[in-house]
Number of protein chains: 2
Amino acid sequence: MTRAETAATTRRALIRAASELLDEGGPDAVTLRAVGARAGVSRGAPYGHFENKDHLLTQLAVNAWNSLAEEAARLRANLEIPVRARLEGGLLALIAVARRQPHLFALMFSTPANTPVAVEAADRVASEFLALVADVVGEADAPRYGALLMSSAYGIAGMELGGHLTKETWHVSVEQLVHMLVDHTPPGPGEPGRAG
Amino acid sequence: MTRAETAATTRRALIRAASELLDEGGPDAVTLRAVGARAGVSRGAPYGHFENKDHLLTQLAVNAWNSLAEEAARLRANLEIPVRARLEGGLLALIAVARRQPHLFALMFSTPANTPVAVEAADRVASEFLALVADVVGEADAPRYGALLMSSAYGIAGMELGGHLTKETWHVSVEQLVHMLVDHTPPGPGEPGRAG
DNA sequence: CCACCTTACTTGACAATGTCATCTGAAATG
DNA sequence: CATTTCAGATGACATTGTCAAGTAAGGTGG
């Protein structure tokens with residue numbers, strides 16, 4: 001392997017290791033020593049690829065934002081499903097991160113990841129979501145609806161994550177949310193379903 | 001001062017010191033040594049009052065939740081203002097914490113504070129909010145509306161905090177949120193105002 | 001093929017921090 | 001006043017982020 005290749009491989013291994021450790025044991029489990037060990041290198045190696053630990057964590061957040069942006073773009077391009085379902089899919093994608101990788105979700109919205117790079121990546125996601133909303137309510141109203149929808153989806157995810165939506169009565173569905181905000185109707189009859 | 005009095009005073013001083021350090025310098029500034037120093041005691045003193053650092057931080061979160069619960073209860077009891085305004089006030093109180101004490105807000109919803117005690121305190125807030133909602137939409141519909149309203153308010157606060165609602169077009173107001181969700185109408189005409 | 005340079009990575013070291021065992025002095029008790 | 005109790009102080013230790021110095025393998029010129 002050429003030198004540049006080994007370096008790139010190591011960098012990927014470091015990111016992968018950090019991501020796995022975050023998912024498995026939360027933020028406290030992500031020590032540079034543990035990351036290095038899992039990546040097959042030693043504790044100081046990350047400094048050859050990232051300015052410091054925060055930059056490594058920020059990279060995890062940026063990757064997550066980029067994945068979300070890609071998924072939103074994919075959804076929008078999929079003309080086989082109705083616009084409404086595409087929008088709901090985008091919101092659910094955000095919530096899915098909170099469910100599948102709660103620590104990563106927390107990282108995406110936490111201070112260490114609030115560097116300009118991460119905010120920029122998040123803004124790209126916002127743009128994609130805005131487009132999804134525009135497909136439903138039109139360009140003119142998209143910003144107002146979009147902000148409410150994104151905030152609400154993020155809120156549902158975060159509250160659920162913090163254990164504040166556990167009680168049966170507090171379950172909330174994204175479909176309900178979209179229905180109420182976009183169609184301007186009261187919540188549908190019957191049981192409120194679990195989001196998803 | 002009797003021994004119990006000095007102990008209680010020290011405990012209060014520790015909580016106050018931790019709170020101030022959190023507000024001033026974020027989570028990293030809250031070291032037990034700094035807390036002790038500001039409280040006029042030494043680094044090991046907190047262990048006489050809290051099981052460990054996390055328990056001290058949890059106490060900060062619990063206090064914040066309790067303040068919110070009190071404010072919601074006060075609002076609900078204030079019959080001089082219309083029910084709608086009371087509900088908006090409750091939601092705004094949550095957002096106000098995010099604006100005035102962003103680090104505290106993050107702590108309230110972060111893992112270290114997700115202990116049973118903190119969740120219980122948060123549940124009391126939820127109950128108060130639920131009552132505020134019930135005063136507007138009735139007992140039957142309160143849970144569904146309440147979950148959406150609380151999640152949305154939390155989402156607005158969190159997104160704003162993370163710098164994801166900075167763009168002019170993304171500003172969102174609580175009044176708009178309540179209006180859309182409760183009255184089932186499209187967002188009002190004209191500029192979307194800043195929440196608050 | 002060899003001497004030299006470049007660089008990804010390792011290792012030793014250090015300061016900061018959370019935590020605990022031990023100690024101390026003053027309050028409480030009889 | 002003697003003794004007990006307990007809030008708080010202090011020394012010590014492991015862990016961690018960080019960096020300077022060292023090392024060895026990849027790359028380059030002759």
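Chain identifiers are assigned alphabetically (A, B, ...) following the order of the sequence lines, protein sequences preceding nucleic acid strands; residue numbering begins at 1 within each chain.
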- Task: Identify whether any heavy atom of A:S42 sits under 4.0 Å from a base atom; if not, whether one sits that close to sugar-phosphate; answer base, sugar-phosphate or nothing.
- Result: base
- Message: In the structure I gave you, are the side-chain heavy atoms of A:L107 and A:T58 within less than 4.5 Å of one another anywhere?
- Response: no
- Item | Donor-acceptor side-chain pairing of A:N66 and A:E70 below 3.5 angstrom | no
- Query: Distance-only, no hydrogens or angles: does the A:S19 side chain make a donor-acceptor pair with backbone N or O of A:I15 under 3.5 Å?
  - Reply: no
- Here the distance between atom P of C:dT17 and atom CG of A:L32, to the nearest Å, is 17 Å
- Note on the structure: Tested for side-chain contact (heavy atoms from CB on, under 4.5 Å) against B:F129, the lone hit among B:L91, B:L75, B:L87 is B:L91
- Message: Does this structure show an ion pair linking B:E20 with B:R16, if we count only N-O contacts that are shorter than 4.0 Å?
- Response: yes
- For B:G48, answer base if it contacts any base atom (sugar-phosphate contacts may also be present), sugar-phosphate if it contacts only those atoms, and nothing otherwise; contact means non-hydrogen atoms under 4.0 Å. nothing
- Can you tell me the distance, in whole Å, between the NE2 atom of B:H49 and the C1' atom of C:dC20? 16 Å
- Message: Just checking B:E24: does its CD atom have more than 12 heavy atoms from other residues, nucleotides or ligands closer to it than 6.0 angstrom?
- Response: yes
What's touching nucleotides 24-27 of chain C from the protein side, N or O pairs under 3.5 Å?
none

- Item | Length of the OH-P vector between B:Y47 and C:dT17, whole Å | 13 Å
- Message: Classify the ring geometry of B:Y154 against A:Y154: parallel below 30°, tilted from 30° to 60°, perpendicular beyond 60°.
- Response: parallel
- Mind checking which nucleotides bracket the chain A contacts on DNA chain D, 5' to 3', with an atom under 4.0 Å from a heavy atom? D:dT16 to D:dG27
- Task: Remember a base hit wins even if backbone is also touched, and classify B:V35 as base, sugar-phosphate or nothing at under 4.0 Å, heavy atoms.
- Result: nothing
- Query: Between A:D28 (CG) and C:dG18 (C1'), how many Å, whole number?
  - Reply: 12 Å
- Specify the separation, in whole Å, of atom CZ of A:R12 and atom C1' of C:dA8. 15 Å
- Note on the structure: When rounded to whole Å, the CZ to C1' distance for the pair B:R43 and C:dA16 reads 12 Å
- Query: In whole angstrom, what separates B:L56's CG from C:dT19's P?
  - Reply: 10 Å
- Quick one: do B:L94 and A:L148 end up in the same hydrophobic cluster if we chain Ile, Leu, Val, Met, Phe, Trp and Tyr together by side-chain heavy atoms under 4.5 Å apart? yes
- Message: Expressed as a whole number of angstroms, how long is the span from A:K53:NZ to C:dA16:P?
- Response: 18 Å
- Measure the spacing between NE2 of B:H103 and CG of B:D28 and express it to the nearest 0.5 Å. 9.5 Å
